[in-house]
Amino acid sequence: MSYQTTTQFYSHRRQASWNRNQNTVAFVSSVKLGPVAHTALVALMITVLGLVYLTQATRATSYDYEAQKIDSQIADLSTKKSDLEVENARLTALETVQNSNVAKAMTAPAATDYAH
Amino acid sequence: MVIFATRLFYLQIIKHNDYVAQAAAEQIKPLTIPAKRGLIYAMDGTSPVPLVINQTVYTMFADPSTVNEESKVLSTIRQVAGGNLRPNLEDLLSRRESRYQILGTQLTRQQAELIKKQNLTGIGFQEESQRVYPEGSLASQTLGFVNTEGKGQYGIEQSLNDRMTGHDGLLKSVTDVSGVPLTIGNQNINKPAQNGDNIALTIDRNIQAYTEKALAAGLQHSHAPNGSVVVMDPQSGKVLAMANLPTYDPSQYNKVTDASAFDNPIVSTPYEPGSDIKTFTMATGLDKGVVTPDSTYNNTDSIKIGDRTITNATKGQTGNITFQHALNYSLNTGFVTVEERLGDGTDINDQSRNTMYDYFHNHFGFAQNTGIEVAGEAPGIIIPPTSADGNAVRYSNMAFGQGLDITMIQVASGFSALVNGGTYYQPTVVGGTVDDSGNLNPAPLKAPRRGVITAATSATIHDMIHTARQAFYAKQDKAGYDIGGKTGTSQTLVNGQYVDNQTVATYLGYGGDVTSAKYVIMVQVSGPGLNLQGNLDALPIFTNVSNWLIDYLKLQPKG
């Protein structure tokens, strides 16, 4: 049994290059824009970009105000927490505890048992 | 067109930096973020409790030129903040030429908010932080206070001022017209404030409170104006209480007329402690092996040193007696004899003076700052033997606690080493720091000096001090505990002469269970023109505190 081997040879480089890019489509628009339209489009793009920038900047600033509000709330809560800590310290001070009704109702133990 | 372009070039290129700087100066504002001053805690057993905390208060001011409803302003602020207002409000508001008049101080947040709600034109508030003392004047001379400039004065507030102050933060940012910081710009700086350390003292507030009450009762009994008590843990050097009278209220420090009330005499006022120092002289003799408790000497109630004759306050215990006997009766002659035996046995020579100086100064830490974290510590003085004044007479006096100026904290710290096995712990009032959640982070222990006397010497002097107390005052102590102590009654110098009619009473002792000494207490009572006695005026205060401490520390009796 014999086999026939087929080998393709290209005659030159240009033919090889063409084969690799054989799906390439060259599009040519049928609409033609003049210089005024070009300028208007560029101006429009710049305007859109400007609006995008302004939107972002405004949004960032609005976040700043939100952050400021939250900071104020934190500061306010922190002050309230400090006030409560002061009140707690006063209520648990020795003098206050000793003068409390609970302390006044206490009695001294008659005897103490020690675990040896 | 060329002129226009040139002008634009000049403004935008050449003057660029100038205008950027001007804009930045207007738009970028540096705002200081104030650091909070650290709080001070005491211990309640093992839990930290606040002694000094910060509270935001408000100063209310008026711009009289813009106040237009004077009667409404007056009625509102009087109703809300009557106790915090200046007495002459009508007069202050009538000063129309002025733009700033303080109407009230130290208003609480609630008071300020109630007044703000009324939208009173021309009334404003200034926020500030002030120190608050929930326990009143408790341990005030250990705490100190913070002055109007925010700087710590006296006590812990002064000595640890840097640690407690913290570091202010900085917010540098573009702001809007009302000063709200914005994130736009690339020169913003946000450096958070670093708050000061919250300090936890070793002071136990219950021991401190009881000690202050016991001292006040003792002084009332003795009709004496001045007194101090220090309570220490001899096994660590931690100060558990430091009480002094007279004292002051740190929240009213500006009303104190005598600045000496701010001092803590326990660390800042050296004095001649008297006979309690005999325990140190005896320990020195024991440690050098020249005496034992049972060694004897011939007591004639007087002893001649140079051209001076030293006598005993208690007479009649004459003959060959032991040094334990001399300690029990606090006989000066016995301890001058110990001092002599540190030399050649017959005289106070260079060797005996050098030995005593070495032990008193280098071993026990007398006449040098202990390093305790309370401002104003004074070292006192012991005249060295190399000085002309450091002669035999001087050193014979030092043997029974006269002729040297040392502080109570030095004596109590040295005494702790006598009764704890011979280890000197540097006294401290700082137990650690407290984090924002209220957890205690203990401070690292300072390296102790071991072997200032041998363990055997410590055990012997421990027993001698116990015996000295039990000889006369055993019935005053709770049964089953190891309590020891020594009285001191020291003459004072008036116009350069020692006088007998103005004496300082001292008592120095320890208490513990069968295992070890658990506390050391030193008491001092004094007053101008008063003849005070250690056993009558200082000892009862020791006994009172000691018996209470046994229960508080839950010490178990023998048996």
Side-chain angles (χ1 to χ4, degrees), chain A residues 39 46 49-116, chain B residues 31 33 36 39 41-42 44 47 49-58 108-110 112-113 127 129-138 171 173-176 178-185 188 205-210 212-213 436 438 478 480 513-514 550-551 554-559:
Chain A
T39 307
I46 289 171
L49 285 172
L51 283 172
V52 168
Y53 172 78
L54 276 177
T55 308
Q56 294 304 314
T58 308
R59 185 178 293 174
T61 306
S62 72
Y63 286 150
D64 289 333
Y65 286 110
E66 284 297 317
Q68 178 67 15
K69 265 187 195 170
I70 292 167
D71 281 346
S72 295
Q73 284 175 347
I74 290 171
D76 196 37
L77 289 171
S78 177
T79 308
K80 284 180 183 171
K81 180 172 172 269
S82 298
D83 286 352
L84 288 172
E85 282 171 349
V86 171
E87 195 58 26
N88 180 49
R90 281 189 175 132
L91 288 171
T92 54
L94 285 177
E95 201 69 28
T96 315
V97 172
Q98 280 170 354
N99 294 329
S100 68
N101 291 332
V102 175
K104 282 175 185 168
M106 286 180 165
T107 53
T112 306
D113 288 328
Y114 294 93
H116 291 290
Chain B
L31 304 168
I33 306 169
K36 288 181 186 168
L39 313 183
Y41 291 79
D44 189 326
S47 307
V49 288
L51 276 189
V52 186
I53 47 186
N54 299 321
Q55 185 176 30
T56 304
V57 291
Y58 298 83
T108 64
R109 185 180 54 80
Q110 290 93 331
E113 279 182 359
E127 190 179 296
S129 179
Q130 74 167 14
R131 296 296 242 185
V132 176
Y133 304 87
E135 301 287 351
S137 60
L138 192 80
L171 180 61
S173 145
V174 174
T175 62
D176 71 358
S178 53
V180 176
L182 306 174
T183 49
I184 57 175
N188 294 348
R205 76 166 172 173
N206 299 305
I207 301 176
Q208 178 73 30
Y210 192 87
E212 288 185 5
K213 281 184 183 170
D436 290 339
K478 288 196 170 193
D513 54 19
V514 289
I550 286 169
D551 287 341
K554 298 185 178 73
L555 302 185
Q556 294 197 16
K558 276 186 280 187

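Per chain, numbering begins at 1; letters A, B, ... match sequence-line order.
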- Message: Please determine whether the number of non-hydrogen atoms from other residues, nucleotides or ligands lying under 6.0 Å from atom CG of B:Asp436 exceeds 12.
- Response: no
- Mark yes when over 12 heavy atoms from residues, nucleotides or ligands other than A:Tyr65 sit less than 6.0 Å from its OH; otherwise mark no. yes
Where does [X] contact chain A at under 4.5 Å (heavy atoms): side chain, backbone, both or neither?
X        : answer
B:Asn54  : backbone
B:Gln208 : neither
B:Gln110 : side chain

- Which atoms form the tightest heavy-atom contact between A:Thr92 and B:Glu135, and what is the distance? O-OE2, 4.3 Å
- Message: Within residues 73-80 of chain A, which residues come under 4.5 Å of chain B, heavy atom to heavy atom?
- Response: A:Asp76, A:Ser78, A:Thr79, A:Lys80
- Calculate, to the nearest 0.5 Å, the distance between atoms CD and OG1 belonging to A:Glu87 and B:Thr108 respectively. 10.5 Å
- Task: Calculate, to the nearest 0.5 Å, the distance between atoms CZ and CD1 belonging to A:Arg90 and B:Ile53 respectively.
- Result: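 Nearest 0.5 Å value for the CZ-CD1 distance: 7.5 Å.
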- Message: For a 4.5 angstrom cut-off between non-hydrogen side-chain atoms, does B:Leu138 reach A:Glu95?
- Response: no
- Message: Please classify the contact of A:Gln98 with chain B as side chain, backbone, both or neither, using a heavy-atom distance under 4.5 Å.
- Response: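 For A:Gln98, side-chain heavy atoms alone lie under 4.5 Å from chain B.
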